[in-house]
Amino acid sequence: MCRKLKHLPDNFTIPDGVINCRDMFAKCKNLIELPENFTIPNSVINCRCMFTGCINLTKLPDNFKLSKNTENSIQMFNFCETLKQLPNNFSLPNTLIYCTSMFANCYQLNKLSDNFTIPNSVDDCKYMFYKCYSLNKLPKKFSIPKTAEYTDIFFGSPARL
């Protein structure tokens, strides 16, 4: 665990070819923000629990996005309690299959990007916005695939479809 890490170096990169970022920054409780040039390379398939427990992460860089090949983002931002909004162009890739609890317990998350929707590739998005107490409004085009499991996707959140 990296409990004392507050900032990543400005030149920090995840090397091309990495496919698994599972738990990479899990429980980095003092991590406040990511460098503006932070990216996830297209080789990455698994982002499960990548930032889970980063309770002081307040924002993501404006250019932050998932790899176009990401399949798993389960609990990626779970318990990022102070994360307030997603970047304006943030979207989920069409390769994503699992995003259960992706933003669960992001108590201060109050805004999704205008183009945010859950792609048809997703099979499981249960509890995705669980206890997102500040999420009041969904983007106009927000939708959930008819075939996806979405039990309690907004439990504890004022947002509704």
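Keep in mind the model is a prediction, meaning the values are calculated, not measured. In what follows, residues are counted from 1 in the order of the sequence shown.
Residues L34 and L5 share a single hydrophobic cluster, defined by chaining ILVMFWY side chains whose heavy atoms lie under 4.5 Å apart. Residues Y150 and F154 share a hydrophobic cluster, clusters being chains of Ile/Leu/Val/Met/Phe/Trp/Tyr side chains in contact below 4.5 Å. Under the 4.5 Å side-chain heavy-atom criterion for Ile, Leu, Val, Met, Phe, Trp and Tyr, Y127 and I153 are members of distinct hydrophobic clusters. In the hydrophobic clustering of ILVMFWY residues, with side-chain heavy atoms under 4.5 Å counting as a link, F116 and V122 come out together. With hydrophobic clusters built from ILVMFWY side chains whose heavy atoms lie under 4.5 angstrom apart, F79 does not share a cluster with M76.
Between the CD atom of Q85 and the OG atom of S113 there is a distance of 10.0 Å, given to the nearest 0.5 Å. How far CG of N105 is from CD of Q108: 12.5 Å, rounded to the nearest 0.5 Å. Distance check, rounded to the nearest 0.5 Å: NZ of K137 to CG of L112 gives 11.5 Å. The distance from atom CG of D152 to atom CD of E149, rounded to the nearest 0.5 Å, is 9.5 Å. A distance of 8.0 Å separates CG of N37 from OG1 of T13, quoted to the nearest 0.5 Å.
Environment of CG in N89: sparse, with no more than 12 heavy atoms of neighbouring residues, nucleotides or ligands closer than 6.0 Å.
L86 places a side-chain heavy atom less than 4.5 Å from the side chain of L109. Looking at heavy atoms from C-beta onward, T70 lies out of side-chain contact with L92 at the 4.5 angstrom threshold. N110 is not listed as a side-chain neighbour of N136, based on a closest heavy-atom distance of 4.5 Å or more. Contact of the T100 side chain with the C125 side chain is not registered, since no non-hydrogen atoms from C-beta on lie closer than 4.5 Å. Looking only at side-chain heavy atoms (C-beta outward), F38 and I14 come within less than 4.5 Å of each other. Annotation: side chain of F64 is in contact with side chain of I40 (closest heavy-atom distance under 4.5 Å). Looking at heavy atoms from C-beta onward, D23 lies out of side-chain contact with Q75 at the 4.5 angstrom threshold. Side chains of E71 and N69 form no contact here, defined as non-hydrogen atoms less than 4.5 Å apart.
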Yes or no on side chain to side chain contact (heavy atoms under 4.5 Å, CB included) for D124 and C99, after CA distance, side-chain angles and deciding distance?
CA-CA 6 Å; D124 191 342; C99 53; over 6 Å; no
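In this structure, the side chain of S121 engages the main chain of L96 through a donor-acceptor pair within 3.5 Å.
When every heavy atom of P158 is checked against every heavy atom of C132, the shortest pair comes out as CD-O, 3.7 Å. Between L135 and S157 the shortest heavy-atom distance is O-OG, 3.2 Å. Contact record, N115 with S91: ND2-CB, 4.3 Å, taken as the closest heavy-atom pair.
Of the listed residues (F155, Y107, F103), just one forms a ring-ring contact (aromatic ring centres under 6.0 Å, His included) with Y130, and that residue is F155.
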Scan the side chains in residues 41-61 for donor-acceptor partners under 3.5 Å anywhere in the protein, sequence neighbours excluded, and list what turns up.
unit_1	atom_1	unit_2	atom_2	d
N42	OD1	K68	N	3.1
S43	OG	G17	N	2.9
S43	OG	V18	N	3.3
S43	OG	V18	O	2.6
N46	OD1	R48	N	2.9
N46	ND2	N20	OD1	3.3
T52	OG1	N78	O	3.0
N56	ND2	K29	O	2.7

Which atom pairs, one a donor and one an acceptor, fall under 3.5 Å between side chains of residues 138-146 and the rest of the protein, sequence neighbours left out?
unit_1	atom_1	unit_2	atom_2	d
S143	OG	T117	OG1	3.0

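Ring orientation note: the planes of F90 and F77 are nearly perpendicular, at an angle over 60° on the 30°/60° scale.
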